[in-house]
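Lettering of chains follows the sequences in order, A, B, ..., and the numbering in each one begins at 1.
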Amino acid sequence: MRKLTIAAFAMATTGLTAPAFAEGHSSKISEKPLELTIHLHHKRSIGYDENWPVEKAACAATNICLTDATVGANSTNSGEAMNLLLATGKIPDIVGSARVKETTDEYGPQGAFMPLNDLIEEHAPNIRAAFEKVPGLKSAITSADGNIYYLPYTPDGKYGRAFWIRTDWLDKLGLEVPQTVEEYEAALRAFKTQDPNGNGMADEVPYFARQWEELIRLVTLWGGRSSGSDTYHDFYVEDGVIKHPYAEVGYREGIKNLARWYEEGLIDLEIFTRGSSSREYLLSENLGGATHDWFASTGGYNRLADTIEGFEFKAMAPPANVNGDRIEEHRRIPVKPDGWAMGAGNQHPVETIKYFDYWFGGEGRTLANFGVEGEQYDLVDGKPTFKKEFLEAGPVNAQLWAIGGQLQARGYYMDYEYEKQWTNEFALEGIALYDAGDYLIDQFLGVALNEAEQKVIDKHFVQMRTYMLERQQAWILGNGDVEAEWDDYIAQLEKMGLNDVLEVMNAAYQRQYN
Amino acid sequence: MSGVRLDGIVKKYGALQVVHGVDLDVSPGEFVVLVGPSGCGKSTTLRMIAGLEEISGGAATIDGRVVNRVAPKDRDVAMVFQNYALYPHLNVADNIAFGLRIRKESKEAIAKSVEEVAGILGLTPYLDRRPADLSGGQRQRVAMGRAIVRRPKVFLFDEPLSNLDAKLRTQMRAEIKRLHNRLGATSIYVTHDQVEAMTLADRIVVMSDGRIEQIGTPMDLFNNPVNTFVAGFIGSPPMNQFEAIVESDGDGPTARLGETVIRLPKLKELEQANGRKVTVGIRPEHVLLHPADGTTPVPVDVDLVETLGSEALLHMHVGEMPFVVKAETQGDVSHLHAVRTLHFQDDLIKVFDGDTGRAYGLPSVA
Amino acid sequence: MTVPHDPIMTASPEEQVVEAREALRDRMKRRAVWVGEHFRREWQLYVLLAPTIIWFILFLYKPMYGLQIAFKDYSVFRGIQGSPWVGLEHFQTLFGSDQFQRALSNTIKLSALSLLVGFPAPIILALMFNEILNQTYKKTAQTIVYLPHFISSVIIAGIIITAFSPSAGIVNTVLGWFGLEPIYFLIKPEWFRPIFIGSGIWQEAGFSSIVFLAAIAGVNPSLYESAVVDGASRWQMMWKITIPSILPTIIIMLIIRIGNLLEVSFEMIILLYQPATYSTADVVNTYIYRNGLQGGQYDLAAAAGFFNAVMAFILVMTANTISKRYSRTSLW
């Protein structure tokens, strides 16, 4: 109870959040203060801190206060920490973690976690509202046995990555923003051959990427797919059937052309090894021409205009592919596998589900997204608005993580408004462009496999993926010809169990989403 | 057969000088022993002859050739080390053959030489053993075999017996002497053990503090030590020494030992040295228990009798002065406890100058 | 020469002592030692021994209990006891996989090559250091070659990636001076082994040379003096004295190294490999990492680990036996 006293004292001294409770508003879940234990593990927040201002506010509002019971806090690997936790056999009241879904899918049916379906039905109006609002959310978090064991971090907003190009280079070379794959190729070639950076050397790197998988993303320009979700190399859904993108003909066409681009030098020769600093390096050295990357962070590079004359790096609409379709394959996934679950031994399931519900709407959702009123944000025209000094004090997410906001190991519903308020103009401009075009495609939200199905995947899929990636890189690097080898490649995949894998995936998909 | 000559050999380590101009002439076939306390420079001198240490000054000559700038291998010397320096990974035969192999002699010649040397040293049964499987004495013999097999002009021994127990040391000593008699090679032998020196040497070189104190045959050194250092170093137990003032009673020089007046040898120098401070030396063997001609009686108190078998050591006092005497037991020591008087043989008493330690009565050239 | 009373031919007291000791040692083996009494008399020695024994029990023997998950369908939640037995299923999965077989073959090739090239490197380095007479120069050189050992693998990998980069890397820059086209080393399977082994030598040869330097320092100096007098050159002394003298150390290190033959430094591989280089770079440990640990298949990983351990045991035993027979040197 000592912690409560400190929390109450903190509240009283700040005098800022107190009015909200003074109204006698009924966020209170429990009449008597209730303590619950929590394991919280995410690379952004390893371990739970009762002194986070957000947590103090939540504790005061709900009368439910959490205490830290995190296992494996000395590791940054959430999976390891989770296994350690399970191995102790003592599961806390609440378990929040990155990729908690994998754990609940496997161990929920074994009895490690509490099924939440009935509790949600009876006690969680905010969560039910989110189910209504986010299509596929409920199916996506349902396990193979039909039960829901975890509540996800539910992202808001649609856009993730976009095509970016040096528009000042285009202007300099007298080119329009490319609208088709042919024009895109011509622009990249012009970057390579016409010396847009003007240093007299053909040192420009037309297309680069921080993650080499973003090169594979370009197969969409030839009607292929690289992934169905925000996880690389994932399955995708087409006409209600699960397929693997790397076993489809469009992919073959894409790889064939990317190999040609690579050979011609339109793609960074070192794309596979340059790594995460390549965007920073190639843009600031005035070498990089185009990429496929996140809106907010990439738009920020326009600050280089201070040092590189005329520098302008803008989002462009996805070029029309060979079939005439404009596709942006990447989007913000609506449901993350991160979130929290209720330990099977929890003695207060009703209070806990109400507590979970608290973060999914209203006051709790604002608290999770924006922090504490008066500290991080003020209400302006009834809308939470970050304080100017807060936005200027440094990276917003890092600041929020430090006070317990935007904890992605928590199950909550993100509010895109929070991010919009500090997204730069170039990103916003790009988002508007993508909004106008409707380029996004549906995401594969993952399936929950039962034990037998999981075995099939374990046995075949990792090896199959290894083989796929090996061939993929080899083809792009020119060690082999995708067209000539395609039939053998498919035969090998089938030998490695492709059909079994797809059968299992489709069975699970039908069970979960139909 | 070849001799070794050292002319004013000096060894310096930076500012530190450890050998101060040693002159030595070793005749072909001679067995010379360098003896002295540890740190006297005897090993360093030997190592300079071997070429393991650079010569800082003077000249070393082997077989008429100055070898200061000659590599060890070209000096045609062989050396036996204190810790044997056997190659643990080679068996006895290969250890003995090592030097020959280095010199790329033919296989047949090597085999023949090894066989011969093994026969000489009684190592034939052990030829395929490794050093770890040999006793100390056997190892020492292998080490010598390695030197002998090369048939060098000069043998150098660096305290070869000091790692052996007493009995084995006596055996090996005899063995080395026999080997020398057989091979007749010039040998220079370093030891700190004066018994080894006395038994082995044709001539002994006594060294101290990097200088030669005396060179001579064993009996020479025993009978006529040139100074107190040699007198104290050669002989076991060492010569009894005490300080005294030379006096004269008209019949010749005397000195006072406690209450007793003893007669000193009738040397001209001594007769002229009346009143000088001297060191008087009397070997434990040169004292009689019964009066005889030319002896002087001295009263003593016996503290302890150490029985050695045929001989015994009597530890006693002459006045305040500790004194050791070696006497024959004749099968019984009881009478030795009863000794109350010693009889000094006047002629065998040695007298050394009190300041320089130099012996009186030396030939003027020495 | 025949000496009638050659004292050498009769056993000296010292020799008799040696023989007696050996005989005693033989008897001791057969005699059952009463541990209780020994413990009372020498308890201080047992106290000194205790931490090692505790360490062994806690960190080596107790975990052996967990090895059984290699034969179980392991669930972290159900625990070792509660998980059902599946016999050799995991081993069948492993050996039925082409990729595992490739990884095994890569492991052996990579290890054998790095043993062949990498093992002599520290010995040669130690011999070279031993020949340096100038102490200041020697110490500086030693420090420089020890340094890479203390750099973390992540940084080493970064250095390698940068050094071998086709656009800015020093290696390709040098190749450029000779008019050679830049090579994208890190995505070429044929270059993976040379780069991995070479960088391994660069990182560890210096530090590994310490044990050989120590062994060289332990060689009796009079062995060299004796050889000098016998007329041996420095080269001959190295071959005939130094190397044979440190041979036991070399063999012990070799046996240990052979025991670790299947343990290639997989952090380094993970940092350096690409799907394009899997064909030469994928080893058992990285295979396990991808299939077992990333996928949470601890049972499969344990099966592979078990296989590794058995192989290592066989290798060590074999190497030890061979060494014992032919060189008299062995671990036990």
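- Between L223(C) and P88(B), the closest side-chain pair of non-hydrogen atoms falls below 4.5 Å.
- The NZ atom of K104(B) lies 5.0 Å from the CD atom of Q236(C); values are rounded to the nearest 0.5 Å.
- Open room surrounds OH on Y61(C); 12 or fewer heavy atoms of other groups in view lie less than 6.0 Å from it.
- Here the side chain of R75(B) pairs no donor or acceptor atom with the backbone of V229(C) at under 3.5 angstrom.
- Interface remark: E225(C) contributes backbone and side-chain atoms alike to the contact with chain B (heavy atom separation under 4.5 Å).
- Atom NZ of K138(C) sits in a crowded spot, with more than 12 heavy atoms from other residues, nucleotides or ligands closer than 6.0 Å.
- Looking at H89(B), its side chain does come within 3.5 Å of a backbone N or O of K240(C) through a donor-acceptor pair.
- Atom CD of E42(C) has more than 12 heavy atoms from other residues, nucleotides or ligands within 6.0 Å.
- Heavy-atom distances place the backbone of L86(B), and not its side chain, under 4.5 Å from chain C.
- Within a 6.0 Å radius of CZ in R41(C), more than 12 heavy atoms belonging to other residues, nucleotides or ligands are found.
- Surrounding CZ of F56(C) are at most 12 heavy atoms belonging to other residues, nucleotides or ligands under 6.0 Å away.
- Comparing A232(C), G231(C), S233(C) by heavy-atom pairs within less than 4.5 Å of chain B, the highest count is held by G231(C).
- Ranked by heavy-atom pairs under 4.5 Å with chain B, the first of D230(C), L247(C), I241(C) is D230(C).
- Dense packing is recorded around CZ of R103(B), with more than 12 heavy atoms of other residues, nucleotides or ligands lying under 6.0 Å away.
- Contact annotation for R101(B): neither backbone nor side-chain heavy atoms come within less than 4.5 Å of a heavy atom of chain C.
- Atom CZ of R193(C) is surrounded by more than 12 heavy atoms from other residues, nucleotides or ligands within 6.0 Å.
- Under a cut-off of 6.0 angstrom, the local environment of CD in E115(B) is sparse, with at most 12 non-hydrogen atoms contributed by other residues, nucleotides or ligands.
- The residue among M79(B), Q82(B), R130(B) with the most heavy atom pairs within less than 4.5 Å of chain C is R130(B).
- Using a 4.5 Å heavy-atom threshold, the side chains of S226(C) and F81(B) count as touching.
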